[in-house]
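Report on one structure; see the data block that follows.
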Amino acid sequence: MLKLKNKLAEAILARLDAKNDAHGLDSDSIAQMFEYPPDRTMGDVAFPCFKLSKALRAAPPQIAAMLADCVEIPEIAKTDIAGGYLNMFISDSYLSERLSEINMLGDNYGRFDFGAGKTIVLDYSSPNVAKPFHIGHLGTTVIGHSLKMLHEFAGYDCIGINHLGDWGTQFGKLIVAYRLWGDHETIERGGIDELVSLYVKFHEEAEKDASLNDRAREEFTKLEHFDDENIKLWKWFIEISLAEYSKTYKQLGIEFDSYNGESFYSDKMPAIVEELREKKLMTLDDGASIVNLEEFNMPPCLILKRDGSTLYPTRDISAAKYRKDNYNFDKCIYVTSAGQSLHFAQWFKVVELMCYEWAKDLVHVPYGTVSINGEKLATRTGNVILLKDLFAMSIDKVRGIIKEKNPDLENSDEVAEAVGVGAIVFHYLSNSRIKDINFVLEDALSFEGNTGPYSQYTYARTCSILNKAASTGGAGEFTDDTERELVKVLAKYPEKILSALSDYEPMVITRYILDVCNAFNRFYHSCQILNADDESVKNTRIYLTNAVNHVLKTAFTLICIKPTEKI
Ligand code: ARG
């Protein structure tokens, strides 16, 4: 309804100007003011007049009355003044036009092109190699990928980067552990789980024998100096880990454009350190090199440890510079848990102090913490659920349901995977990203009510109707209120895309999918579609079903869910 809001805003602006042009509003700010009334009987769009009261020196209901006749356009069937609101009821002709537009645009409905020619870099997922990939990583992975899809939908060129945590002392620890207790065969067979056990064992043993930590540091230093044997092991650890991550990414339908992780910047950091020195931003603090950020109410940003080794911020600053030079991004977006907010604020500030104007284009998108059954995630106590195990449980459950309800389904494995994985993603993305979430397995695996499986089932229902229909329908008169309500929901898709983009919030799309499904199911239960008596009524309903099909299909893809045509 974006266009309608703009048109109404123009009309209202003209009327306001004629009355008293000291109101200080333009058509954009007026367009922002429209609201959707909570109850259908109050109209479809409302214009609140309270804010205008001061400038126009009139009571809100009076202003509403003064504006009423200027919105008498073909799109509006009726107006009503209630309190300080001008309530508007949308006409059938407007809805009918929208329905035709959606059908005409098909999968392009909701797309924008304002991103054309601009590049967005997205840094997401980015797990630490050889550590477990658990539900704490679900957030960065699916929020990051949704933001990528949303930006692509708006026309941007997007580069997805998996900034692997593939450098640091943990590799020294792994190398030591592997040489002491590891075995090639076992790791090849057991994959990342074996690496994780070695890592855990290292920590247990180091509690008893602290010299192990010194040995680990030595091995990492050797790695930093390209010791052949250590490089070989390190590469192998990464390969083993990536093989495992790839399975999860494949289930989610995610591909990255680059896997340049922290190690990639090893040879690029000295130049950055030198630049910080030249720009006189670095000071020594107890032997370590830092950028003091007291003035900005932040603790110092650490650049070099006492022994001269680099740190997490050093790598991030180098990576940002590299990305600007190579991709010339309009925005570089980082999706991590809110626990890292200070880290990003600090090094973004350092980039600004280095006088790079693109510091303003660095965006941190944080998300809340995840706990399991009320307890914090903790690798050490074993309170983690691996993402692959969670997906497997969900897929199994779907497989069971399919076996019982639709045993002859073709590609049942594929469907079980899409619906099972989709259930978890949908559950997670139903919450605002910044909210801390308590992951209760039972809830995530409950498919009742407003869930992923319910939405995917609704989508499959539209596919089945369309498969049976002889045509893709056509625009005719509306004969049932559920039809009108459905088009009104569908008409909101473009503005939902804008709001998800401006808030970096996939939840907007998840919730919208439910609105579409609920409106469609109300229509489905209230109307005969393929069996409608009247040919024109039937065509309109098929047309509606087709529109829902397109919107759901693209919306699912925007939140990392694979649409399934049959369940
Ligand atoms: N590897 C880090 C972690 O697991 C996340 C990296 C995020 N990206 C970045 N450029 N710092 O916590």
Side-chain angles (χ1 to χ4, degrees), residues 126-134 136-137 164-188 190-241 244 261-263 265-266 269 273 284-290 299-316 336-337 339-340 342-343 346 369 375-384 386:
S126 311
N128 291 330
V129 170
K131 290 200 186 157
F133 197 64
H134 53 66
H137 296 101
L164 291 174
D166 60 0
W167 205 239
T169 38
Q170 79 259 34
F171 288 95
K173 294 177 185 172
L174 258 185
I175 290 171
V176 171
Y178 173 69
R179 293 217 174 104
L180 286 173
W181 314 294
D183 152 73
H184 192 93
E185 277 285 275
T186 322
I187 292 178
E188 282 292 340
I192 197 167
D193 297 345
E194 283 302 320
L195 294 181
V196 172
S197 329
L198 276 181
Y199 191 74
V200 171
K201 181 160 172 92
F202 179 92
H203 280 277
E204 284 164 9
E205 298 292 325
E207 296 260 302
K208 294 178 246 161
D209 175 5
S211 74
L212 282 172
N213 286 316
D214 299 328
R215 281 175 67 184
R217 230 166 283 131
E218 273 163 39
E219 293 303 336
F220 181 59
T221 309
K222 274 164 77 184
L223 183 64
E224 281 186 301
H225 292 92
F226 306 108
D227 172 84
D228 272 353
E229 278 304 304
N230 282 9
I231 289 275
K232 222 195 271 164
L233 280 179
W234 167 74
K235 281 198 173 144
W236 179 51
F237 295 153
I238 293 177
E239 213 176 280
I240 299 266
S241 309
E244 185 73 42
E262 296 190 29
S263 68
Y265 302 99
S266 304
M269 282 184 285
V273 174
L284 277 179
D285 182 67
D286 198 19
S289 302
I290 61 161
C301 183
L302 308 177
I303 305 295
L304 296 175
K305 285 197 230 168
R306 290 169 68 143
D307 63 5
S309 54
T310 57
L311 286 139
Y312 188 40
T314 331
R315 298 195 264 274
D316 263 330
T336 78
S337 78
Q340 297 196 30
L342 177 61
H343 161 76
Q346 287 173 303
T369 57
E375 282 179 52
K376 271 187 131 177
L377 285 187
T379 318
R380 262 183 238 142
T381 62
N383 193 37
V384 288
L386 296 182

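Since this is a predicted model, take the numbers as computed values, not measurements.
Here the side chains of Pro127 and Leu164 are in contact, with some heavy-atom distance below 4.5 Å. Contact annotation: the side chain of Phe133 never approaches that of Glu244 to less than 4.5 Å [non-hydrogen atoms, C-beta and beyond]. For the pair Ile290 and Cys301, the minimum side-chain heavy-atom distance is 4.5 Å or more. Side-chain atoms of Leu233 and Arg179, non-hydrogen and from C-beta on, do get closer than 4.5 Å to each other. Taking the side chain as every heavy atom from C-beta outward, Asn213 and Phe202 approach each other to under 4.5 Å. Contact check for Pro299 versus Leu342: side-chain heavy atoms found under the 4.5 Å cut-off. The side-chain heavy atoms of Leu195 and Ser241, taken from C-beta on, include a pair separated by under 4.5 Å.
For the pair Asp227 (side chain) and Asn230 (backbone), a donor-acceptor distance under 3.5 Å is present. With hydrogens and angles ignored, the 3.5 Å screen pairs a side-chain donor or acceptor of Thr314 with a backbone N or O of Ile303. Side chain of Trp234 to backbone of Asp166: a donor-acceptor contact under 3.5 angstrom is found. His137 places a side-chain N or O within donor-acceptor distance of the main-chain N or O of His134, the cut-off being under 3.5 Å.
Atom CD in Glu218 sits 13.5 Å away from atom CG in Leu223 (nearest 0.5 Å). Distance OG/Ser309 to CH2/Trp167: 11.5 Å, rounded to 0.5 Å. In this structure, OH on Tyr199 lies 13.0 Å from CD on Glu204, to the nearest 0.5 angstrom. A distance of 4.5 Å separates OG1 of Thr310 from CZ of Arg315, quoted to the nearest 0.5 Å. Taken to the nearest 0.5 Å, the CD1 atom of Ile240 stands 4.5 Å off from the CD atom of Glu188. Rounding to the nearest 0.5 Å gives a distance of 9.0 Å between CG of Leu198 and OG1 of Thr186.
Using cut-offs of 30° and 60° for the angle between ring planes, the His184 and Trp236 rings count as parallel.
Looking at every heavy atom in both residues, Pro132 comes nearest to Leu386 through CB-CD2, 3.5 Å. Shown here for Arg215 and Leu180, the closest heavy-atom pair between the two residues is NH2-CD2, 4.0 Å. The shortest heavy-atom contact between Ser289 and Leu284 is OG-CD2, 3.7 Å. Between Leu174 and Ala130, the closest heavy-atom pair is CD1-CB, 3.4 Å. Residues Ser263 and Ser266 approach most closely at O-OG, 2.7 Å, considering heavy atoms. The two residues Asn128 and Gln170 make their nearest non-hydrogen contact at CB-NE2, 4.5 Å.
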Hey, mind stepping through His343 and Asp316 against side-chain contact (heavy atoms from CB on, under 4.5 Å) and telling me if it holds? CA-CA 10 Å; His343 161 76; Asp316 263 330; 2.7 Å; yes
Between Thr221 and Asp307, is the side-chain contact (heavy atoms from CB on, under 4.5 Å) condition met? List the steps. CA-CA 11 Å; Thr221 309; Asp307 63 5; over 6 Å; no
What verdict does the side-chain contact (heavy atoms from CB on, under 4.5 Å) test give for Ile238 and Lys235, after you've listed the backbone C-alpha separation in whole Å, the side-chain angles of each residue and the deciding distance to 0.1 Å? CA-CA 5 Å; Ile238 293 177; Lys235 281 198 173 144; 5.8 Å; no
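The neighbour count for Asp228 CG, taken as heavy atoms of other residues, nucleotides or ligands under 6.0 Å away, does not exceed 12.
Checked for salt-bridge contact, Glu229 and Lys232 meet the test: a charged N lies under 4.0 Å from a carboxylate O.
Counted by atom type alone, Tyr178 and Glu219 present zero donor-acceptor pairs between their side chains at under 3.5 Å.
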